[in-house]
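Notes for the one structure printed next.
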There are 2 protein chains.
Amino acid sequence: MTDTSPKVFIVDDDQDIRSSLSRALRKRGFNVEAFGSAMAFLTIYTPDQPGCLVLDYGMPGMNGLELQAELKRRNYAIPIIFITGHGGVAESVQAIKSGAIDFLEKPFRQDALDERIRSALQTDKKRRERLQMVTQALDDFASLTEREKEIASLMVANPSDASSKMIARRLEISHRTVDHHRARILEKMHIRSVAELVDLSSKAKLFDESATL
Amino acid sequence: MTDTSPKVFIVDDDQDIRSSLSRALRKRGFNVEAFGSAMAFLTIYTPDQPGCLVLDYGMPGMNGLELQAELKRRNYAIPIIFITGHGGVAESVQAIKSGAIDFLEKPFRQDALDERIRSALQTDKKRRERLQMVTQALDDFASLTEREKEIASLMVANPSDASSKMIARRLEISHRTVDHHRARILEKMHIRSVAELVDLSSKAKLFDESATL
DNA sequence: GACTACCTAGGTAGTTTTGCCTATGGGTCC
DNA sequence: GGACCCATAGGCAAAACTACCTAGGTAGTC
């Protein structure tokens, strides 16, 4: 999906902080891109870019928390490190509970930020790897016909009674037809056993409502 | 494991707060037990008691964060709601990152605490349900012999090549012996198919290092 | 009308699993 | 020595799965 190197996005309304942060991070080998407002970031960023976000909490217009909420609403899961000059406890708690990696108060040591960024990029990398697997499974699953999905769901729901005969009895069709569907399901999902289907379904939550990207 | 009703544990060094909090919470129907220090709580609490912990951050002796760390060290996963009079951002961030449900600054509205407590008790309930399943699987797994564990691991590692013949070839034994072991494994794990074994193993992380209780 | 996709279902043959049985040899425990 | 657990392994038969094949009916599309 992406082979570009990870990037540290900075969003801060203060020009001085933007440039000094950018300079410091570039010097340490990070790939950096800075924005003066949440909107500027939103117009450029696409979720297929690996990286993390260093986000100022207090900004005119859309503030950091609002940007975080907007990213969440769009299902963009980029890891966020908040920085703030005057944030309170309630704000920081809200930010972390909403999934931020960290919340640093200015002034902070550059080392502390570096370490958080490294951790955030690592988190992003792992998430992307997991995401790729899940996306693949979801795509494969979407390619099943309704009947196939139904049968797959029955097999997953009760793996021990997933024999063709059992399912055939429940659906009141021939077990040979179930055989046929099972073969199609495994083929389309690129797997070779019901066990793998069960595994995939629990990892990709094929039959759950929620699917966190 | 437990059928006692969930309890709200309060740990605060301030006698006035303890009694007013206890009174308020009892009036709202919660089962409450209060302690004046982290140590007092630790000597009484056992992890089989369902509930949550309302924890003062700043206390003489062992403070809230230290108690949280100690509970973590002991693998006691009771949900924690911090309350604090003078906590900073760094402390709150640390607490939430370490798994606390919430971090409230005094003074707070009683309603806010109630809502957090309800949420915490819900979290605890779900965790206990999951834990029970995982514990059962872990116990069952522990009852397997070494050879059985080895074969179970091979079956889980590659569900599609988990046929007796495949595994027999890899272990250079008869496929009938593998049949025999497979039957023992399924029996001891209280399941009826390799698919369920794969499922259990991924849910209980039988073959991973970490197992969060 | 031809084409395609899907659900249905059967034939045949080979492979695998499952459940029942027995059995040998190596340990350990009392 | 006897009881017990474990790993090994085979016989046998029923059930299930797998991989190949054909084929009818329905519905939608070009």
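We name chains A, B, ... by the order of the sequence lines, and we start the count at 1 in each one.
Between the C1' atom of dA9(D) and the CZ atom of Arg184(B) lies a distance of 14 Å, rounded to the nearest Å. Residue Glu148(B) contributes atom CD, which lies 11 Å from atom C1' of dC5(D) at whole-angstrom precision. Between Arg192(A) atom CZ and dT18(D) atom C1' there is a gap of 13 Å when expressed in whole angstrom units. In this entry the distance linking CD of Glu187(A) with P of dT18(D) reads 13 Å, nearest Å. To the nearest angstrom, P of dC5(D) lies 18 Å from CD of Glu146(B). When rounded to the nearest whole Å, the span between CD1 of Ile167(B) and P of dA7(D) equals 15 Å. Whole-Å rounding puts the Ile173(B) CD1 to dC6(D) P distance at 16 Å.
Electrostatic pairing of Glu33(B) and Lys7(B) counts as a salt bridge here, judged by a charged N lying under 4.0 Å from a carboxylate O. Between Lys126(A) and Glu129(A), none of the side-chain N atoms (NZ, or NE/NH1/NH2) sits under 4.0 Å from a carboxylate O, so this pair counts as no salt bridge. Note on Arg118(A) versus Glu115(A): no salt bridge recorded, every NZ/NE/NH1/NH2 to OD/OE distance being 4.0 Å or above. Between Arg28(B) and Asp111(B) there is a salt bridge, since at least one side-chain N of the basic residue sits less than 4.0 Å from a carboxylate O of the acidic one.
Extent of DNA chain C lying under 4.0 Å from chain A heavy atoms, first and last nucleotide in 5' to 3' order, is dC6(C) to dT12(C).
When all heavy atoms of Met62(B) and Leu42(B) are compared, the pair lying nearest together is SD-CD1, 4.1 Å.
Note on Arg182(A): a side-chain N or O is less than 4.0 Å away from OP1 or OP2 of dT18(D). Taking only side-chain nitrogens and oxygens, Lys165(A) comes nearer than 4.0 Å to OP1 or OP2 of dA16(D).
Nucleic acid contact class of His180(A) (heavy atoms, under 4.0 Å, all strands): base. Using a 4.0 Å heavy-atom cutoff across all strands shown, Thr177(A) reaches at least one base atom of the nucleic acid. Counting any heavy atom pair closer than 4.0 Å across all strands shown, Arg176(A) reaches a base atom.
Residues Asp140(B) and Lys188(B) fail the side-chain proximity criterion, which asks for heavy atoms closer than 4.5 Å.
Taking for each of Ala183(B) and Thr145(A) the nucleotide of DNA chain C with the nearest heavy atom, the 5'-most of the two is the partner of Thr145(A).
In this structure, OH in Tyr57(B) is found 12.0 Å from CG in Leu67(B), a value given to the nearest 0.5 Å.
Comparing dT8(D), dA16(D), dC6(D) by their closest approach to the side chain of His181(B) singles out dT8(D).
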